[in-house]
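What follows is a short report on a single structure.
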Amino acid sequence: MELVFEAISENPDITIKELSTLLNISKKQVETAINKLKDAKRIHRDGSDHDGKWIAN
């Protein structure tokens with residue numbers, strides 16, 4: 001989860017697919033980590049799924 005957070009902090013425009021490739025984990029693992037980070041209020045999405053970006057809190 002921390003690696004996903006760090007990657008999002010460094011590149012707010014990164015996609016789930018790019019995170020998966022960068023971290024060498026499945027897209028499902030990325031989605032799970034993102035959901036945990038959202039629940040903990042550490043990240044949120046600004047804009048749409050296609051045109052938005054991640055905001056690290």
Side-chain angles (χ1 to χ4, degrees):
M1 187 168 78
E2 287 304 312
L3 293 176
V4 172
F5 181 78
E6 288 175 21
I8 287 172
S9 296
E10 291 174 9
N11 181 5
D13 297 320
I14 198 164
T15 65
I16 289 174
K17 183 177 179 181
E18 291 169 337
L19 283 166
S20 175
T21 301
L22 176 70
L23 302 175
N24 198 29
I25 59 177
S26 71
K27 288 196 294 185
K28 182 65 177 171
Q29 288 174 299
V30 172
E31 290 168 355
T32 299
I34 285 172
N35 286 335
K36 287 180 181 180
L37 290 166
K38 284 182 184 178
D39 289 345
K41 307 272 191 242
R42 295 187 65 199
I43 63 169
H44 70 275
R45 186 84 177 161
D46 185 31
S48 71
D49 287 346
H50 296 286
D51 296 325
K53 62 181 179 177
W54 295 106
I55 306 294
N57 298 332

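All figures in this text were calculated on a predicted structure; none of them were measured in a lab.
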Would you give the length of the straight line joining atom [atom1] of [X] to atom [atom2] of [Y], rounded to the nearest 0.5 angstrom?
X: L19; Y: E31; atom1: CG; atom2: CD; value: 10.5 Å
X: I25; Y: T32; atom1: CD1; atom2: OG1; value: 9.0 Å
X: L3; Y: L22; atom1: CG; atom2: CG; value: 9.0 Å
X: M1; Y: E6; atom1: CE; atom2: CD; value: 11.5 Å
X: I8; Y: D13; atom1: CD1; atom2: CG; value: 11.5 Å
X: I43; Y: K38; atom1: CD1; atom2: NZ; value: 6.5 Å

Ignoring hydrogens, what is the shortest heavy-atom contact between A7 and I14? Give both atom names and the distance.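 Closest heavy-atom pair between A7 and I14: O-CG2, 4.5 Å.
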
So which heavy atom on N57 is nearest to which on F5, and how close?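 Nearest pair, atom of N57 first, then F5: O-CZ, 4.3 Å.
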
Pair R42 + E2: basic N to acidic O under 4.0 Å: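 A salt bridge is present here (some side-chain N lies under 4.0 Å from a carboxylate O).
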
I16 backbone acceptor or donor facing S20 side chain under 3.5 Å: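 The answer is no, because no donor-acceptor pair under 3.5 Å joins these two groups.
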
